[in-house]
Amino acid sequence: MFKHLRRWLVTHILGHSRQRARLVSKDGRCNIEFGNVDAQSRFIFFVDIWTTVLDLKWRYKMTIFITAFLGSWFLFGLLWYAVAYIHKDLPEFHPSINHTPCVENINGLTSAFLFSLETQVTIGYGFRCVTEQCGTAIFLLIFQSILGVIINSFMCGAILAKISRSKKCAKTITFSKNAVISKRGGKLCLLIRVANLRKSLLIGSHIYGKLLKTTVTPEGETIILDQTNINFVVDAGNENLFFISPLTIYHVIDHNSPFFHMAAETLPQQDFELVVFLDGTVESTSATCQVRTSYVPEEVLWGYRFAPIVSKTKEGKYRVDFHNFSKTVEVETPHCAMCLYNEKDARARMKRGYDNPNFILSEVNETDDTKM
């Protein structure tokens, strides 16, 4: 009971009083900003305009979408009005009955804008049309048609690519709210549960982790967000996962693990962030995606394991109960990895014989008192 009370106090009271800065949020967004970027570096974003447009938020993308079409329609509307004005086709010039205009039925700026819209989106009502009278009008018609196709292809392609980006497909892959530390296969492990909410597989999946913490080098240099590799595996390895049901991935806390010198009592006082990555290919679209999340010390539970989640029904189907997806169960666990390995070493010594270096063998001369 006191253990649960202490854990509740650490999580709710101390956790609210000291909010840790996270590089990666629980839903995978990166909490980072760039400052003092020179103008020359900002110009690079316009060189790769396609990626820049795809990375924009929807409100900015729709603003560019509407502005591109309305701007081009209005610009060419001014050009059509200028052609009619130069050729004196407008009613204010009182053209004669035998006068053949460059564009039929353009009476002002509004009608010129409507003709520009009809030309670019190929509506073709038939009321306004270009005649053979002006070569300038024919050239302008060709130029607007070609430019309209380019604008349509770019903007519609950007909208379609934004909708079908694998970044949104990754939202159906979820991680457990907490990570747990307990024994697995006789070893102390850090375990995380991950699930794919879609029935389609994630092909070629690969999972790994990075431990981010501030370190000081022997030369006295302070490195913020220093990265350490964390190897996560399942029983079949960490590549080409058969990701059809929720998986429990684990990291073995051995002598090479950065968690080796941590203990149940000192874990909440540690300052680190564990970022977990899952890379794979979506089966339905063949698009690669990456899912990521992070765990801070308050979200790592020592001495717990995940509740069972997969069962088999009477009909022979396998059922996944997501109600227990992040549910944990308290189990008996060594309070540190070093204690577990010391206990194993002690048991191994009991099975083997060792020479005692303090033992001194003294020889005794035997005398025979019996005389023959």
Side-chain angles (χ1 to χ4, degrees), residues 22-34 41 44-62 64-65 153-177 179 190-212 225-251 273-295 309-310 320 322 325-326:
R22 307 178 75 118
L23 177 64
V24 179
S25 62
K26 298 297 288 184
D27 57 357
R29 292 177 297 177
C30 295
N31 180 26
I32 191 170
E33 63 178 17
F34 299 98
S41 299
I44 300 176
F45 291 97
F46 294 96
V47 175
D48 188 11
I49 188 65
W50 175 254
T51 306
T52 302
V53 172
L54 288 183
D55 290 337
L56 290 176
K57 295 182 179 180
W58 273 108
R59 54 180 176 269
Y60 302 121
K61 186 183 292 292
M62 295 306 300
I64 295 176
F65 182 86
S153 301
F154 184 86
M155 298 309 302
C156 295
I159 295 295
L160 180 60
K162 182 74 171 180
I163 295 175
S164 61
R165 289 188 75 176
S166 57
K167 183 178 180 181
K168 300 300 180 183
C169 298
K171 297 297 183 182
T172 56
I173 300 174
T174 180
F175 289 88
S176 58
K177 181 180 179 181
L190 184 143
L191 301 98
I192 297 173
R193 181 171 277 175
V194 58
N196 183 10
L197 300 181
R198 294 184 182 273
K199 291 186 177 181
S200 58
L201 294 178
L202 198 64
I203 304 173
S205 302
H206 173 64
I207 193 160
Y208 57 97
K210 299 287 184 181
L211 186 69
L212 308 178
L225 299 180
D226 187 25
Q227 301 183 13
T228 304
N229 290 328
I230 302 294
N231 296 322
F232 282 98
V233 296
V234 294
D235 293 333
N238 64 341
E239 294 184 356
N240 299 324
L241 306 178
F242 187 44
F243 202 8
I244 194 172
S245 63
L247 297 176
T248 300
I249 61 174
Y250 61 90
H251 163 71
E273 181 177 355
L274 176 61
V275 184
V276 184
F277 302 86
L278 175 63
D279 299 338
T281 303
V282 182
E283 184 182 28
S284 56
T285 61
S286 298
T288 58
C289 68
Q290 182 184 86
V291 193
R292 52 187 177 265
T293 188
S294 69
Y295 298 93
I309 191 174
V310 180
V320 179
F322 280 95
F325 180 72
S326 294

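For clarity, every value in this text was computed on a predicted model and none was experimentally measured.
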Next on the checklist: Run the side-chain contact (heavy atoms from CB on, under 4.5 Å) test against Lys177 and tell me which residues pass, sequence neighbours left out.
Outcome noted: Ser326
Checklist entry - Quick one: does Thr293's side chain have a donor or acceptor within less than 3.5 Å of a partner on Asp27's backbone? => result no
Checklist outcome for this item: Residues at least two apart in sequence or cross-chain that pass side-chain contact (heavy atoms from CB on, under 4.5 Å) with Tyr60, listed by chain then number, are Leu56, Lys57
Item to check | Given Tyr250, Phe232, Tyr295, the one that forms side-chain contact (heavy atoms from CB on, under 4.5 Å) with Leu190 | outcome: Phe232
Next on the checklist: Taking side-chain contact (heavy atoms from CB on, under 4.5 Å) as the definition, give me every residue that meets it alongside Ile159, ordered by chain and number, with sequence neighbours left out.
Outcome noted: Trp58, Lys61, Met62, Phe65, Ile163
Item to check | Glu273 backbone acceptor or donor facing Arg22 side chain under 3.5 Å | outcome: no
Checklist entry - Which residues satisfy the salt bridge (Lys or Arg N to Asp or Glu O under 4.0 Å) test with Asp48, sequence neighbours excluded? => result none
Checklist entry - When rounded to the nearest 0.5 angstrom, what is the spacing between OG in Ser176 and CD1 in Ile249? => result 8.0 Å
Next on the checklist: With a 3.5 Å distance limit and no angle check, can you tell me whether Ser294 reaches the backbone of Val24 through a side-chain donor-acceptor pair?
Outcome noted: yes
Checklist entry - Distance from Thr248 atom OG1 to Ile192 atom CD1, nearest 0.5 Å? => result 10.5 Å
Checklist outcome for this item: Residue set satisfying side-chain hydrogen bond (donor to acceptor under 3.5 Å, both in side chains) with Asp226, at least two apart, ordered chain then number -> Thr215
Item to check | Qualifying residues under side-chain hydrogen bond (donor to acceptor under 3.5 Å, both in side chains), relative to Asn229, sequence neighbours excluded | outcome: Lys210
Checklist entry - How many angstroms lie between atom CD1 of Ile173 and atom SG of Cys289, to the nearest 0.5 angstrom? => result 4.5 Å
Item to check | Stepwise side chain to side chain contact (heavy atoms under 4.5 Å, CB included) test for Leu212 and Leu23 | outcome: CA-CA 9 Å; Leu212 308 178; Leu23 177 64; 3.3 Å; yes
Item to check | Inter-residue atom distance His251.NE2 - Leu191.CG, 0.5 Å rounding | outcome: 10.5 Å
